Protein chains: 2
Amino acid sequence: MHQGDTVGPLDTAVGYVLKEAASALRGAMDAALRPLGLTVPQYSCLELLGQRPGLSNADLARGTFVTRQSMNVVLQGLEARGLVTRPAEAPQGRQLPAELTAAGYDHLRAASRAVQAVQVRMVAGLSAARQQELLETLTACARNLTETT
Amino acid sequence: MHQGDTVGPLDTAVGYVLKEAASALRGAMDAALRPLGLTVPQYSCLELLGQRPGLSNADLARGTFVTRQSMNVVLQGLEARGLVTRPAEAPQGRQLPAELTAAGYDHLRAASRAVQAVQVRMVAGLSAARQQELLETLTACARNLTETT
DNA sequence: TGGTGCATGTAAGGATTTTGACATACGCTG
DNA sequence: CAGCGTATGTCAAAATCCTTACATGCACCA
C-alpha cells in the first residue's frame with residue numbers, strides 16, 4: 001500500500017474538519033433558533049420558501065438535503081402553526097406549491113437575523129476574499145461528489 | 001433592518017454550502033462503506049481508535065461529534081462483531097479504554113482506503129495550497145463557533 | 001392510443017440519534 | 001476529612017430521520 005492511501009492524522013483530513021465545522025454550525029444554529037421556537041430543518045424550510053415562494057415539498061427536500069418524507073412532516077408542522085400555506089389541490093400535476101403566511105415571514109425575519117449572526121461569528125477573522133474562496137471551494141467539493149459521471 | 005442582516009441568496013451563504021458539502025460527503029462515504037458492511041459512525045470509530053488506541057467511549061463520542069450514548073451503541077456493535085475490545089473493568093476511574101482487534105485493523109485498512117478515495121475525489125481539481133487553505137479555514141470556522149467566550 | 005419511465009405526495013415501519021436521568025469515580029478546596 | 005464540581009458509563013424514553021412501499025399524474029415514444 002502506497003503512502004497516502006489511508007486517511008492519516010484526523011486534523012489533516014479535509015473530511016474530518018468539514019464534519020467538525022458542519023457539526024459546530026449545526027449546534028450553534030440550533031442554540032440560536034431555540035429561543036424562537038424553531039428547529040434547524042424548520043428554519044431551512046422557511047428560508048428557502050421566503051426566497052423562492054411556491055416551491056413544492058420535493059423541491060424543499062432537495063434544497064435542505066433531507067428526504068421528501070422528512071420535509072413533509074416539517075411542512076405539516078409549520079402549516080399547523082400557521083406559518084405556511086398549501087393549496088388543498090394541486091394546480092397541475094401533483095406538486096403542492098407552498099408559501100409563507102404573514103406570520104411565516106415574521107418568524108423568518110427574526111430567525112434569519114439570528115442565523116446570520118451565527119454565520120458572522122463563524123467567519124470572524126476571515127477576509128472577504130478568503131470567505132469567497134471558501135464558498136467556491138466548498139461548492140466545487142460538493143459538485144465533485146454529486147457528479148454521476 | 002440594515003442590508004446584510006439576513007441570510008441572502010442561499011448559494012452565497014457559507015453555512016448553506018457547508019451543509020451541502022457535508023451532506024454530499026456523508027452520502028459518498030456511506031456509499032463507499034456499504035459494500036464493506038460499515039456505516040459512517042462505525043468507520044469513524046474505527047479510524048479514531050486505529051490512530052489513538054485506548055480512547056474511552058466519551059473520547060470517541062467527542063471525536064466523532066455524537067453523544068456518548070450513540071457512540072456506546074456503535075461500540076457495542078463493533079464489539080459484538082469482534083472488531084473492538086474493551087476490558088470488563090475500568091483500570092482507573094470509570095473510563096473503559098477501547099482497542100481494535102486484528103480483525104478490526106483489517107476492516108479499518110479496507111475502509112480507510114475507500115474513504116480516502118472519496119476524499120481524493122472530493123478535492124479533485126484543487127491545488128495543494130488550496131486544499132491546505134480549506135483545511136485551515138474550516139478549522140478556524142469550527143473554532144469560532146465552539147469558543148465559549 | 002397504449003405503454004413505459006419518471007416524479008410527486010403520502011403512509012407505515014424500523015433504525016438511529018438525542019434528551020433526560022441516575023449512580024459512580026476522581027480532583028480540588030475548605 | 002467532608003463537600004462540591006466535573007466527568008464517565010449506562011439505562012429508559014422520546015424524538016428524529018430514513019427505508020420501503022404504494023397510488024397518482026405527467027411526458028415521452030412506439
Side-chain angles (χ1 to χ4, degrees), chain A residues 19 22-31 33-34 37-45 48-49 52 54-81 84-99 148, chain B residues 19 22-31 33-34 37-45 48-49 52 54-81 84-99 148:
Chain A
K19 191 173 179 179
S23 174
L25 175 61
R26 169 71 182 239
M29 282 179 64
D30 204 73
L33 290 172
R34 187 172 301 121
L38 288 175
T39 66
V40 173
Q42 286 170 343
Y43 159 73
S44 302
C45 180
L48 213 47
L49 270 183
R52 307 176 66 173
L55 249 45
S56 72
N57 178 26
D59 291 329
L60 292 167
R62 275 187 293 269
T64 53
F65 316 110
V66 295
T67 60
R68 297 190 306 260
Q69 294 83 340
S70 297
M71 179 50 66
N72 201 20
V73 310
V74 170
L75 272 176
Q76 286 174 359
L78 294 175
E79 215 170 355
R81 285 169 63 180
V84 168
T85 54
R86 277 191 293 181
E89 297 180 359
Q92 106 279 9
R94 300 204 62 185
Q95 306 188 12
L96 292 175
E99 289 186 5
T148 55
Chain B
K19 192 173 181 180
S23 175
L25 175 61
R26 171 71 182 239
M29 283 179 62
D30 205 71
L33 291 172
R34 188 172 301 122
L38 288 175
T39 65
V40 173
Q42 286 170 343
Y43 159 73
S44 302
C45 179
L48 212 49
L49 270 183
R52 307 178 65 175
L55 248 46
S56 73
N57 179 25
D59 291 329
L60 292 166
R62 273 189 294 269
T64 53
F65 317 108
V66 296
T67 60
R68 283 169 304 180
Q69 294 84 336
S70 296
M71 180 50 66
N72 202 20
V73 311
V74 170
L75 273 176
Q76 286 175 0
L78 294 175
E79 216 170 354
R81 284 169 63 178
V84 168
T85 55
R86 275 191 294 181
E89 297 179 0
Q92 105 277 8
R94 301 203 64 185
Q95 306 187 13
L96 291 176
E99 289 185 4
T148 55

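All figures in this text were calculated on a predicted structure; none of them were measured in a lab. In the text below, chain A, chain B and the rest are named by the order of the sequence lines, each starting its count at 1.
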Inset, instruction - Would you mind classifying the nucleic acid contact of Gln69(B) as base, sugar-phosphate or nothing, using non-hydrogen atoms under 4.0 angstrom? - result: base
Inset, instruction - Between Gly93(A) and Pro41(A), just flag the one whose closest nucleotide in DNA chain D comes earlier from the 5' side. - result: Pro41(A)
Inset, instruction - Would you give the length of the straight line joining atom CD of Gln76(A) to atom CE of Met71(A), rounded to the nearest 0.5 angstrom? - result: 12.0 Å
Inset, instruction - Can you tell me the distance, in whole Å, between the CZ atom of Arg68(B) and the C1' atom of dT10(D)? - result: 9 Å
Legend entry - Phosphate OP1/OP2 of dT16(D): any Arg26(A) side-chain N/O under 4.0 Å: no
Legend entry - Donor/acceptor link under 3.5 angstrom from Arg62(B) side chain onto base of dA7(D): no
Legend entry - Separation of dG9(D) P from Arg94(B) CZ (nearest whole Å): 8 Å
Legend entry - Spacing between Leu75(B) atom CG and dT10(D) atom C1', to the nearest angstrom: 13 Å
Inset, instruction - Would you indicate what Val73(B) reaches in the nucleic acid, counting non-hydrogen atoms under 4.0 angstrom: base, sugar-phosphate, or nothing? - result: nothing
Inset, instruction - Show the numbers, then the answer: is there a side-chain contact (heavy atoms from CB on, under 4.5 Å) between Lys19(A) and Val40(B)? - result: CA-CA 12 Å; Lys19(A) 191 173 179 179; Val40(B) 173; 4.1 Å; yes
Legend entry - Value in whole Å for how far the P atom of dT16(D) lies from CG of Asn72(A): 15 Å
Inset, instruction - Please state how far atom CG in Asp30(A) lies from atom C1' in dC17(D), giving the value in whole angstrom units. - result: 15 Å
Legend entry - Upstream residue (5' side of DNA chain D) when Gln92(A) and Thr67(A) are each assigned their closest nucleotide: Thr67(A)
Inset, instruction - Would you mind classifying the nucleic acid contact of Thr39(A) as base, sugar-phosphate or nothing, using non-hydrogen atoms under 4.0 angstrom? - result: nothing
Inset, instruction - Kindly state each residue pair satisfying salt bridge (charged side-chain N to carboxylate O under 4.0 Å, His left out) with at least one member in residues 60-71 of chain B, sequence neighbours excluded. - result: Asp59(B)-Arg62(B)
Legend entry - From CA spacing to verdict: side-chain contact (heavy atoms from CB on, under 4.5 Å), Leu38(B), Arg81(B): CA-CA 11 Å; Leu38(B) 288 175; Arg81(B) 284 169 63 178; 4.0 Å; yes
Inset, instruction - Report the distance from atom CG of Leu96(A) to atom OG1 of Thr85(A), rounding to the nearest 0.5 Å. - result: 11.0 Å
Inset, instruction - Measure the CG-CG distance between Leu60(B) and Leu48(B) for me, rounded to the nearest 0.5 Å. - result: 5.5 Å
Legend entry - Nearest-angstrom distance from the residue atom CE of Met71(A) to C1' of dT16(D): 14 Å
Legend entry - Gap between atoms CG and C1', on Leu96(A) and dT24(D) respectively (whole Å): 12 Å
Inset, instruction - Please name the pair of heavy atoms, one in Thr64(B) and one in Cys45(B), separated by the smallest distance, quoted to 0.1 Å. - result: CG2-N, 4.4 Å
Inset, instruction - Could you list where the contact with chain B starts and ends along DNA chain C, reading 5' to 3', using a 4.0 Å heavy-atom cut-off? - result: dT17(C) to dC26(C)
